[in-house]
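For reference, the structure I am asking about is given below.
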There are 2 protein chains.
Amino acid sequence: MDEITATTVVRRFNRAYTQRIGALEDSFLGVGLPLGTARLLFEIGAEPATVQALRARLGLDSGYLSRLLRRLEDDGLVALEPDADDRRRRRVDLTGAGRGRWAELEERAGARARQLLEPLSERHRERLVAALAEADLLVRAATVTFEPVDPGSPPAREAVDRYFADIARRFDFDPAGEPEKDAVLLAPPRGVFLVAVSDGEPVAGGGVRTIDDGVGEVKRMWVHEAWRGAGLGSRLLRLLEDAARALGHHTARLDTNETLTEAIALYERFGYRPIARYGDNPFATHFFEKPLTAPA
Amino acid sequence: MDEITATTVVRRFNRAYTQRIGALEDSFLGVGLPLGTARLLFEIGAEPATVQALRARLGLDSGYLSRLLRRLEDDGLVALEPDADDRRRRRVDLTGAGRGRWAELEERAGARARQLLEPLSERHRERLVAALAEADLLVRAATVTFEPVDPGSPPAREAVDRYFADIARRFDFDPAGEPEKDAVLLAPPRGVFLVAVSDGEPVAGGGVRTIDDGVGEVKRMWVHEAWRGAGLGSRLLRLLEDAARALGHHTARLDTNETLTEAIALYERFGYRPIARYGDNPFATHFFEKPLTAPA
DNA sequence: CCAGTTGTCTGACTAAAGTCAGCTACTTCT
DNA sequence: AGAAGTAGCTGACTTTAGTCAGACAACTGG
């Protein structure tokens, strides 16, 4: 695809959309709260959080946020209380009145969305919704980044747990003890674990461990169901190969189960070739290897 | 489609997109201009204009805009000069320095778009661009409104001219004298002409005239090539039928040429039935009629 | 040619948004 | 226990964005 055309389409869309719907944010006006305050209330309603979490989510200055919260508290819309675990922290939640105000904001935002769809016929509405859902998935996927993390850390553990849960649905599998071993094997200096997190939730992850001098093994590659089809698997595998190279490996291996057909297709697309069984993974039925030359 | 789900998708997309790209607008920052000022400079660069045109395009207060322009002028980025036609008006254009600054903004906006596409594979990039193009078309179509205008007015004339140009491409057609007749026949109180305008350009239009007591004729239905497939034709025909009812008609007629197959399909979908030739339009080959009962 | 209208500008405001340094209470590390 | 760091708050600002009521010059219709 022509690079110029592609960015032109993105920019054209941005202009049209923000002009028409971007005013969407202004729909928060008219409930007697300035926009920033309304957005904050909205965010708290979506999920009560600590002050610092809100600061991160909204990208606000600490002093500024403090004042906004104070104002919401004075208006009786939110309640702040010290966090039991760390009494420096404060947890913010909506009061009854705040919940009412939040529902109002919800309703307005919903009305905005309905207003956009309303002039369209059923058929065109379906097309728009499908296009937005597709764009949503791809935009999210494009803006997520993979970060190396300690395989014992909560996001990594969650990714691995979900990986096990997913494959247990495909074939008879018992992860007994595996997560604990992973936490060691996939950690530096002999391993790596990468996770992509979106809205605080891991959406894809996987690791590399060293099985022999110069030979790395790709393990636990997983992509959240709702995020499949957006190319995260390919990006992850490419990054894991880079990581293996950085660990000094000249060869990447991996094993998998015959039921995981999409995974096998991905490995084949990436140039992995079937090899004889290695290691002692009782759940693996297929084994692959690929020489790690300079990155493509 | 489930109404709730549809609005949910729109809202979900809005959140994700504005959070990730909406910061897009902030990309105008970092060139030493506040956002509003940068947007103004951008708009002037896109097309030099009078102060009032900018006011309309950006929806700014006259005093406020005046000051913003002053600031840009002081910075040597724009030049203002009285309009030759009406010396109350002032025309604004970029200076050389302004053009440089504008190019910077362009580059930043383009970089933003590229940055969104960059992490995606060719295949996913194509999918995202296609989805955004589709959403763009439908969002524009959904937010455009049809307004009754004098058929002699510039937007109506342009719509009719483009209609003639389009059909002349389909079959041998000579519009001699027609636009002048239209300006009378499609005007109140015996006719109506509707146009939808987007970014100052007509994108769809059409009219109704009275051919007999209680009988109206739909004429000059046209949709801009770039806007086809978004349901504007259906919306327009529905509105024209409403207008015919408002003129007191119980029957709608129309003629068309056999080469205009999409139009014929539209009429049939709307319940028009073929009838014998009426009138003396030498270019028409097919004739249709529909009883106008209460609106669906 | 004059009354009314239009296009732009100025003055005098206000509210919202955001920044920065320093402070206090609490936790963590050694 | 003490030092060092963290979470949040307060005070004192600045900038941006925007409103509104005139003022004034230039145009337009009768």
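We name chains A, B, ... by the order of the sequence lines, and we start the count at 1 in each one. The analysis underlying the following values was restricted to heavy atoms, covering all of them including side chains, and did not include hydrogens, waters or symmetry mates.
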Between B:R11 and A:E106, does at least one N-O distance fall below 4.0 Å, as a salt bridge requires?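 Counted as a salt bridge, because a side-chain N and a carboxylate O are separated by less than 4.0 Å.
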Distance, rounded to the nearest Å, where B:L40 contributes CG and D:dG18 contributes P: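 About 12 Å, once rounded to whole Å.
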Roughly how many Å is it from CZ in B:R90 to P in D:dA25, rounded to a whole number?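 Roughly 14 Å, once rounded to whole Å.
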With a 4.0 Å cut-off, would you call A:D83 and A:R90 a salt bridge?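 The answer is no: the pair does not qualify as a salt bridge.
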Quick check on the helix from C:dC1-D:dG30 to C:dT30-D:dA1: what's the angle between its two end axes, five base pairs per end, to the nearest 10°?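 It works out to 30° between the end axes.
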Step through it carefully: locate the ring centre of B:F193, locate the ring centre of B:F146, and say whether they are under 6.0 Å apart.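 For B:F193 and B:F146, the ring centres are not under 6.0 Å apart.
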Tell me the interatomic distance from B:L54, atom CG, to C:dG7, atom P, rounded to whole angstroms.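 My rounded result for the distance is 14 Å.
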What does nucleotides 17-30 of chain C look like as a protein-contact string, B for base, S for sugar-phosphate only, - for none, at under 4.0 angstrom between heavy atoms? BBBB----BBS---
Angle class for the B:W222/B:H224 ring planes (parallel below 30°, perpendicular above 60°, tilted otherwise)?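 It falls in the tilted class, 30° to 60°.
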From CG of A:L65 over to P of D:dT6, roughly how many Å is that when rounded to an integer?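 Atom CG in A:L65 sits about 19 Å away from atom P in D:dT6.
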Under 4.0 angstrom between A:R55 side-chain N/O and D:dA7 OP1 or OP2: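 No, no such contact exists.
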Is any side-chain heavy atom of B:Y64 closer than 4.5 Å to one of B:L58?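 Side-chain contact under 4.5 Å: no.
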A:R12 atom CZ: more than 12 heavy-atom contacts under 6.0 Å: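 Counting other residues, nucleotides and ligands, CZ of A:R12 stays at 12 neighbours or fewer.
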Respond yes when some side-chain nitrogen or oxygen of B:R70 is under 4.0 Å from OP1 or OP2 of C:dT8, and no when none is.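 For C:dT8, OP1/OP2 do not have a side-chain N/O of B:R70 under 4.0 Å.
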Rounded to whole angstroms, how far apart are CD on B:E73 and C1' on C:dT8?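 Interatomic distance, CD of B:E73 to C1' of C:dT8: 13 Å.
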Rounded distance in Å - CG (B:D74) to C1' (C:dC9):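 After rounding, the reported distance stands at 14 Å.
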Quick one: B:L58 CG to C:dT8 P, roughly how many Å, whole number?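 For the pair B:L58 CG and C:dT8 P, the rounded distance is 14 Å.
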I need the CZ-P distance between B:R91 and C:dG7, as an integer number of Å.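 In whole Å, C:dG7 P lies 13 Å from B:R91 CZ.
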Backbone of A:L77 reached by a side-chain donor or acceptor of A:T95 within 3.5 Å: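 Yes; judged by distance alone, with no hydrogens or angles, the pair exists.
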What I want to find out is whether B:R57 reaches B:E43 closely enough, with some N-O distance under 4.0 Å, to be called a salt bridge.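 Yes, B:R57 and B:E43 are salt-bridged.
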Atom CZ of residue position A:R89 - does it have more than 12 heavy atoms of other residues, nucleotides or ligands inside 6.0 Å?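 Atom CZ in A:R89 is crowded, with more than 12 foreign heavy atoms closer than 6.0 Å.
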